[in-house]
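Basis for what follows: all heavy atoms, side chains included, without hydrogens, waters or symmetry-related copies. Protein chains get the first letters and strands the later ones, always in sequence-line order, with residue 1 at the start of each.
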Amino acid sequence: MINVTLPDGTVLEVPPDSSIGDVAAAIGPGLAKAAVAGQIDGETVDLGTKLSGDAAVRILTERDDDALAVLRHSAAHVLATAVRELRPGAGIGFGPAIDDGFYYDFDVPEPFTPADLEIFEAKMADVAKANHPFERRVVSLEEARALFADDPLKLERLEEFSEDEVITVYQDGPFLDLCRGPHVPSTGSLKHFKLLSGAGAYWRGDEKRQMLQRIYGTAFFKKSQLTEHLERLEEAKKRDHRVLGRELDLFSTDPRIGPGLILWHPKGAIIRNEVERFEQELILRHGYDLVYTPHVMNERIFEISGHLENFKDGMFGALDVEGVAYRPKPMNCPGHIAIYQSQQRSYRDLPIRMAEFGTCYRYERSGVLHGMLRVRGFTQDDAHIFCTPDQVPGEIERLLDLVDEILTAFGYPYAISLATKPEEKALGTDEQWDTAVQTLADTLESRGVEFEYDKGGGAFYGPKLDFKLIDAIGREWQGPTVQLDFNLPDRFDLEYVGEDNERHRPVMIHRVLVGSMERFVGGLIEHYAGAFPIWLAPEQVRVLPISEHFLDSASDFVDQLKAVGIRAVLADRETLSYRIRDAEMHKVPYMAVIGEREAEAGTVAVRKRGAGKKQEVIDRAEFVQQVQGEIESRTLD
RNA sequence: GCUCCGAUAGCUCAGUGGUAGAGCGCCUCCUUGGUAAGGAGGAGGUCCCGGGUUCAAGUCCCGGUCGGAGCUCCA
């Protein structure tokens with residue numbers, strides 16, 4: 001008999017040669033029916049996999065995320081099955097499950113059209129209905145070569161197997177694929193799926209190789225989940241910052257100015273300015289000094305910093321100034337270092353925290369540019385902390401506070417990862433890395449902050465903390481980063497005079513909070529769907545007189561609001577209904593309606609964005625005070 | 001950069017070889033309104049640029065420019 005340990009710790013005895021499916025059945029008929037796949041000692045396997053000895057076993061059902069990945073991988077096979085039925089000559093590449101679904105790459109002479117996708121989707125439904133079992137087979141390399149003799153992409157993959165590796169193939173009905181698995185028991189498990197888009201993708205992600213045609217799709221166990229997912233995609237589309245940016249008149253780009261270069265319109269500039277002012281106030285409280293450095297610098301400084309060596313492809317080309325080469329800066333560090341080095345520094349001066357909203361320019365390939373989120377010119381909320389090694393933990397603590405304060409203000413939950421030494425290129429000794437990583441980990445732990453390790457994810461010059469933001473519809477965004485740097489202090493030969501009157505090397509910490517103003521504001525547009533909290537809203541109150549008779553009264557009220565710094569606008573066009581609709585469409589936080597009653601009583605009828613007809617008639621002074629309070633406290637909602 | 005798709009009024013888009021269209025926005029006039037579009041009239045186009053095919057090109061072909069999707073998540 002074999003002893004099987006279940007997740008709850010109970011041990012089950014099953015006959016030798018039992019499969020995972022048998023284990024599920026032994027636990028209960030309900031589970032046997034619900035089982036999709038299983039895990040043996042943490043590794044996901046088919047239900048049909050037989051146990052070779054005592055093991056920890058978990059049965060995966062529709063409720064497990066790991067099971068969803070299995071379903072989606074199987075969905076990719078069903079897609080390939082359908083495509084092969086309809087296009088027998090199609091070459092097959094890879095077809096994995098991905099975060100939100102799956103894809104499969106095909107080698108076909110002509111790209112697929114949206115109409116093709118519909119036909120494939122219908123065919124997939126037939127394949128699912130046929131309920132072909134997914135059959136796993138272990139084959140020899142020779143056998144595999146024979147099976148895939150007509151599939152050059154698969155043959156190429158087979159070349160990479162080593163002697164002792166197990167090669168498996170999966171068959172579902174007419175379709176055979178080289179595949180590690182695991183899969184759901186049969187194609188019938190696939191009930192709720194949708195093909196989403198087609199696009200070119202290089203074979204093996206290598207732009208020197210041929211382009212395959214990729215089909216993306218998604219699949220779920222429950223119809224409601226699929227519907228919800230599709231609705232979320234719709235919602236994301238509605239929030240697209242490029243669309244809202246135009247509708248709300250926040251920003252634009254102009255081909256005459258150049259792709260990837262953002263023009264901030266007055267309303268967008270208000271949002272950016274509010275973010276900057278807020279952050280500036282915050283960092284001054286946290287002991288930072290503000291500095292400014294040039295946008296263009298003699299490229300010699302980038303030789304010293306190593307940017308020309310390591311980052312040249314990401315830099316704008318050189319400008320010739322009286323025979324000397326200058327470059328737009330891709331990063332702010334060299335300028336800040338030059339300020340540090342403008343005088344001799346003592347340990348008594350440290351830590352020095354230098355901050356700048358520094359505008360940088362980077363060359364990005366035209367195909368990757370995207371609205372405000374991926375651009376060629378952007379302003380970083382950059383800072384460099386120069387400190388002694390002993391001061392590092394304290395500085396990290398301070399940064400954790402700062403990060404928390406700023407992200408909370410915008411209503412972003414976040415997750416932290418600690419990126420360690422990269423496998424390949426890395427400066428500094430293992431010991432240096434270990435201490436640095438340990439310092440970061442200890443600091444996080446001492447505060448009880450949860451984090452994950454991102455093994456090998458550090459920059460070549462030091463470990464880093466990455467903060468991932470979660471937006472209002474659950475998407476992840478790159479947030480603050482904090483990086484320890486072993487490289488630049490050496491390259492620039494940074495020094496401070498210690499208590500012992502000797503020269504020492506300071507530690508340098510790079511950090512950004514929002515990252516780039518462009519990307520961050522672009523993200524805010526999507527996070528808030530254009531309905532900004534009042535402190536950020538370009539227009540905070542719209543005053544609507546009911547008719548021309550109350551224009552004076554309304555206009556006085558606008559002045560009253562403006563006098564205390566509230567961004568107020570008078571709406572004097574068309575009918576009241578039109579004005580309300582217009583204010584609502586422009587997502588103005590408050591509408592202040594003034595008719596005969598309000599003009600006489602010195603009140604306003606306040607209508608809140610999104611609240612419909614619910615309104616409150618209050619004293620004008622009281623309203624002003626309330627709005628002021630909400631702005632000052634940076635109320636979210 | 002590469003593959004595919006696209007480019008027509010300020011915006012969103014229809015028009016597929018034969019007289020350039022709609023909705024919204026904009027302008028003017030009427031209406032003076034009580035909570036998500038009051039009514040009427042009007043202006044506005046080098047159909048992205050260059051070349052080609054054709055009696056005839058917004059429409060078909062070639063080249064360019066710009067924009068979009070994708071190109072990382074390893075059978």
Would you measure the distance from the P atom in B/G50 across to the matching atom in B/A57 and give it in whole Å? 14 Å

Check whether the side chains of A/T187 and A/D172 place a donor and an acceptor atom closer than 3.5 Å, and report yes or no. no

In whole angstrom, give the distance that lies between atom CD of A/Q210 and atom P of B/C4. 14 Å

Would you classify A/S197 as touching base, sugar-phosphate or nothing, given that sugar-phosphate means primed atoms plus P, OP1 and OP2, and contacts are heavy atoms under 4.0 Å? nothing

Looking at A/F120 versus A/F112, is the centre-to-centre ring distance below 6.0 Å? yes

Check this for me: does any side-chain nitrogen of one of A/K154 and A/D177 sit under 4.0 Å from a carboxylate oxygen of the other? yes

Look at all strands and tell whether A/E247 reaches a base, only sugar-phosphate, or nothing, counting heavy atoms closer than 4.0 Å. nothing

So what does A/E364 hit on the nucleic acid, given a heavy-atom distance under 4.0 Å: a base, only sugar-phosphate, or nothing? nothing

Using whole Å, report how far CD of A/E548 lies from C1' of B/G34. 16 Å

Only pairs at least two apart or in different chains count here, so list each side-chain hydrogen bond (donor to acceptor under 3.5 Å, both in side chains) that has a residue in residues 538-551 of chain A. A/E539-A/R542, A/R542-A/D582

So, does the side chain of A/R579 form a donor-acceptor pair with the base of B/A37 at under 3.5 Å? no

Evaluate the side-chain proximity of A/P185 to A/F134: yes if any heavy-atom separation is below 4.5 Å, no if none is. no

Applying the Watson-Crick and G-U wobble criteria at under 3.5 Å, what pairs with B/C71? Answer none if nothing qualifies. B/G1

Selection from B/C11, B/U35, B/G67 that lies nearest to any side-chain heavy atom of A/R246: B/C11

Close residues, residues 580-587 of chain A, relative to RNA chain B [heavy-atom separation under 4.0 Å]: A/I580, A/R581, A/E584

Protein-nucleotide distance (A/R374, atom CZ; B/G67, atom C1'), rounded to Å: 17 Å

C1' gap between B/C60 and B/C47, integer Å: 16 Å

Tell me which one of A/H370, A/R374, A/R376 satisfies side chain to side chain donor-acceptor pair (under 3.5 Å) with A/E364. A/R374

With a 3.5 angstrom cut-off on both distances, give the Watson-Crick or G-U wobble partner of B/G6, or none if there isn't one. B/C66

Residues A/W477 and A/E526: side-chain donor-acceptor under 3.5 angstrom: no

Upstream residue (5' side of RNA chain B) when A/H370 and A/E574 are each assigned their closest nucleotide: A/E574

Round to the nearest Å and state the distance from A/I215 atom CD1 to B/U3 atom C1'. 15 Å

With rounding to the closest Å, how many angstrom separate the C1' atoms on B/A37 and B/C73? 47 Å

Contact list (N/O, under 3.5 angstrom) for nucleotides 44-46 of chain B vs protein:
none

Expressed as a whole number of Å, how far does the P atom of B/C48 sit from that of B/A43? 23 Å

Sorted by chain and number, sequence neighbours left out, ring-ring contact (aromatic ring centres under 6.0 Å, His included) with A/F316 holds for A/Y361

What does A/R242 touch in the nucleic acid at a heavy-atom separation under 4.0 angstrom: a base, only the sugar-phosphate, or nothing? sugar-phosphate

Heavy-atom side-chain proximity of A/N310 to A/Y461 below 4.5 angstrom: no

Under a 3.5 Å cut-off for both contacts, is B/A14 paired Watson-Crick or G-U wobble with anything, and if yes, with which nucleotide? none

Is the shortest side-chain N/O distance from A/R573 to OP1 or OP2 of B/G33 below 4.0 Å? no

How close or far is atom P of B/G70 from atom CG of A/L195, stated in whole angstroms? 16 Å

Pair A/R145 + A/E159: basic N to acidic O under 4.0 Å: yes

Heavy atoms from C-beta onward define the side chain here; which of B/G34, B/G67, B/A37 lies closest to that of A/E598? B/G34

Between P of B/G25 and CG of A/D249, the distance in whole Å: 16 Å

Any donor-acceptor pair under 3.5 Å between the side chain of A/E596 and the base of B/G33? no

What do you reckon, is CD of A/E160 surrounded by more than 12 foreign heavy atoms closer than 6.0 Å? yes

Whole-angstrom distance between B/G33 and B/G21, as gauged at atom P: 40 Å

Answer whether the closest heavy-atom distance between the side chains of A/V543 and A/V569 falls below 4.5 Å. no

Watson-Crick or G-U counterpart of B/U54, or none if no pair lies under 3.5 Å: none

Any strand is fair game: report the nucleotide pairing with B/G42 by Watson-Crick or G-U wobble, both distances under 3.5 Å, or none. B/C26

Quote, to the nearest angstrom, the C1' distance that separates B/C26 from B/G44. 9 Å

Can you tell me which residue pairs pass the ring pair (Phe, Tyr, Trp, His ring centres under 6.0 Å) test with a partner in residues 570-605 of chain A, sequence neighbours excluded? A/Y590-A/F623

Considering just the side-chain nitrogens and oxygens of A/T575, establish if one lies under 4.0 Å of OP1 or OP2 belonging to B/G38. yes

How close or far is atom C1' of B/C4 from atom CG of A/L117, stated in whole angstroms? 12 Å

Interface polar pairs with nucleotides 71-73 of chain B, N/O, under 3.5 angstrom:
unit_1: B/C71; atom_1: OP1; unit_2: A/Y216; atom_2: OH; d: 2.7
unit_1: B/C71; atom_1: O2'; unit_2: A/Y202; atom_2: N; d: 3.3
unit_1: B/U72; atom_1: OP2; unit_2: A/G205; atom_2: O; d: 2.8

Using a cut-off of less than 4.0 Å, is there contact between a side-chain N or O of A/Y578 and OP1 or OP2 of B/U31? no

Categorize A/G612 for me: base, sugar-phosphate, or nothing, with a 4.0 angstrom heavy-atom threshold over every strand shown. nothing

More than 12 heavy atoms from other groups under 6.0 Å of CG on A/D65: no

Take atom NZ of A/K237 and atom P of B/U12, then tell me their distance rounded to the nearest Å. 15 Å

